[in-house]
Number of protein chains: 2
Amino acid sequence: MGASKSDYFTIEQNEIAILMKALGHPARIAIIEHLLKIDSCVCNDIVNEIPLSQPTISQHLKELKNAKIIKGSIEGNSICYCINDETFNQIESYIKQIIKTDQEKKSCC
Amino acid sequence: MGASKSDYFTIEQNEIAILMKALGHPARIAIIEHLLKIDSCVCNDIVNEIPLSQPTISQHLKELKNAKIIKGSIEGNSICYCINDETFNQIESYIKQIIKTDQEKKSCC
DNA sequence: AATATTTATCGTAATATTGCAATATAGTTT
DNA sequence: AAACTATATTGCAATATTACGATAAATATT
């Protein structure tokens, strides 16, 4: 098939999976790390930094934006992309909850 | 193409992407949540809980194990799968670092 | 030993993702 | 307005993922 049966799972499970999936590519991780490194946050910059074509990077940026991992606002000719801190806080609290719940369990392996 | 050009990125970027990718499917999120919910951690249990076929679940478990998100040990007839807390700690510290670095930046959007 | 139970693997079909060249769009500058 | 710059979209080829039936392998039970 190839299509994941998302309707079998809860909204929350699908939402967290979408976030993780968006982070599940080295180019997108590299984009995020570059956004953090530079002080401004234009996009053409990224094209010179990451060895992928402009359309490919544009596509990755679109995916990150769809997942609300980054925010983009038009800044004249170029676009200002930057980290969406709310989404990362959401991811952090999800991961934290897993760790906490796991610690409360008696481990069996 | 379809193949991600992982050699263009750093080992660290690829490693975190592999972890995130493994978490990027609702079935795998559901598996993790189920592992946390139950006290024991056998696998056949999961087949009854998640509406996917046994081979599909086995495949998802394999991916989670490959990414070191869960650990599995043979327990007689069945297998004891459980959360790998080290990996989740690793993910947490990566996300935390992103949040911290982002807070230190002067935001522009 | 025969049967049942549990998990893994193989083969395969359907769909999704990745990547890029070509092209489009939209703002900027001259 | 023409030329330039920055980003997005389209179309397409290559590869990856998802899912499952059939089957295998390995232990447990009778």
Side-chain angles (χ1 to χ4, degrees), chain A residues 1-9 13-14 17-18 20-31 34-35 38 40-67 70-82 109, chain B residues 1-9 13-14 17-18 20-31 34-35 38 40-67 70-82 109:
Chain A
M1 301 222 170
S4 69
K5 306 198 159 179
S6 47
D7 40 325
Y8 287 176
F9 306 101
Q13 285 168 343
N14 279 299
I18 285 167
M20 294 309 196
K21 194 177 186 178
L23 293 175
H25 193 288
R28 293 195 285 270
I29 292 291
I31 287 171
H34 186 66
L35 276 181
I38 58 174
S40 69
C41 42
V42 207
C43 161
N44 191 47
D45 196 28
I46 297 171
V47 177
N48 301 320
E49 186 78 8
I50 293 168
L52 290 172
S53 73
Q54 181 269 321
T56 303
I57 290 172
S58 183
Q59 198 176 289
H60 282 306
L61 285 166
K62 193 182 176 185
E63 274 176 76
L64 287 170
K65 210 170 74 179
N66 285 344
I70 61 174
K71 291 184 280 193
S73 54
I74 298 161
E75 193 90 1
N77 198 12
S78 58
I79 289 204
C80 176
Y81 275 122
C82 51
C109 25
Chain B
M1 299 219 170
S4 69
K5 306 199 159 180
S6 48
D7 40 324
Y8 288 176
F9 307 102
Q13 286 168 342
N14 278 299
I18 286 168
M20 295 308 197
K21 193 177 186 179
L23 293 175
H25 192 288
R28 292 194 286 270
I29 293 291
I31 287 171
H34 186 66
L35 276 181
I38 58 173
S40 69
C41 42
V42 206
C43 161
N44 191 47
D45 197 27
I46 298 172
V47 178
N48 300 321
E49 187 78 9
I50 293 168
L52 290 172
S53 73
Q54 180 270 321
T56 302
I57 290 172
S58 184
Q59 199 175 287
H60 282 306
L61 285 166
K62 194 183 175 184
E63 275 176 73
L64 287 170
K65 211 170 73 178
N66 285 343
I70 61 174
K71 290 183 280 192
S73 55
I74 298 162
E75 193 90 2
N77 197 11
S78 58
I79 289 204
C80 176
Y81 275 123
C82 50
C109 24

Novice: Distance check, rounded to the nearest 0.5 Å: A:Leu35 atom CG versus A:Asp45 atom CG?
Specialist: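 CG of A:Asp45 is found 9.0 Å from CG of A:Leu35.
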Novice: Report all interatomic pairs (protein N or O, nucleotide N or O of nucleotides 22-30 of chain D) with separations under 3.5 Å.
Specialist:
residue	atom	partner	partner atom	Å
D:dT27	O2	B:Asn77	OD1	3.4

Novice: For B:Ile50 versus B:Ala27, what's the shortest heavy-atom pair and its separation?
Specialist: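 Smallest interatomic distance, heavy atoms only, reads CD1-O, 4.2 Å.
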Novice: Applying side chain to side chain contact (heavy atoms under 4.5 Å, CB included), can you list everything that pairs with A:Lys65, at least two apart in sequence or on another chain?
Specialist: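 Only A:Ile70, A:Tyr81 meet the side chain to side chain contact (heavy atoms under 4.5 Å, CB included) criterion with A:Lys65.
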Novice: Identify whether any heavy atom of A:Leu52 sits under 4.0 Å from a base atom; if not, whether one sits that close to sugar-phosphate; answer base, sugar-phosphate or nothing.
Specialist: sugar-phosphate
Novice: With sequence neighbours excluded, what pairs up with B:Glu49 under the side-chain hydrogen bond (donor to acceptor under 3.5 Å, both in side chains) test?
Specialist: B:Lys37
Novice: side-chain hydrogen bond (donor to acceptor under 3.5 Å, both in side chains) with B:Glu63: which residues, sequence neighbours excluded?
Specialist: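 Listed in chain order: B:Arg28.
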Novice: Quick one: B:Leu61 CG to C:dT6 P, roughly how many Å, whole number?
Specialist: 15 Å
Novice: Which of these nucleotides, D:dA16, D:dA19, C:dT18, is closest to any side-chain atom of B:Lys21?
Specialist: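 Per side-chain heavy atoms of B:Lys21, the pick is D:dA16.
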Novice: Could you tell me whether the phosphate oxygens of C:dT7, OP1 or OP2, come under 4.0 Å of any side-chain nitrogen or oxygen in B:Lys62?
Specialist: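 B:Lys62 to C:dT7 OP1/OP2: no side-chain N or O under 4.0 Å.
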Novice: The side chain of B:Ser58 lies closest to which of these nucleotides: D:dA8, C:dA8, C:dT18?
Specialist: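 Nearest nucleotide to the side chain: C:dA8.
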Novice: Are OP1 or OP2 of C:dA8 and a side-chain N or O of B:Tyr81 less than 4.0 angstrom apart?
Specialist: yes
Novice: Using the side-chain heavy atoms of B:His60, tell me which of these nucleotides is nearest: D:dT18, D:dA19, D:dA8.
Specialist: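 Nearest nucleotide to the side chain: D:dA19.
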Novice: For B:Thr56, enumerate each residue passing the side chain to side chain contact (heavy atoms under 4.5 Å, CB included) test, keeping only those at least two apart in sequence or located in another chain.
Specialist: B:Leu52, B:Ser53, B:His60
Novice: Identify which nucleotide among D:dA8, D:dC20, C:dT18 has an atom closest to any side-chain atom of B:Thr56, counting heavy atoms from C-beta outward.
Specialist: D:dC20
Novice: Measure from the side-chain heavy atoms of A:His25 and tell me the nearest of C:dT18, D:dT7, D:dT18.
Specialist: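 Out of C:dT18, D:dT7, D:dT18, the nucleotide with an atom closest to A:His25's side chain is C:dT18.
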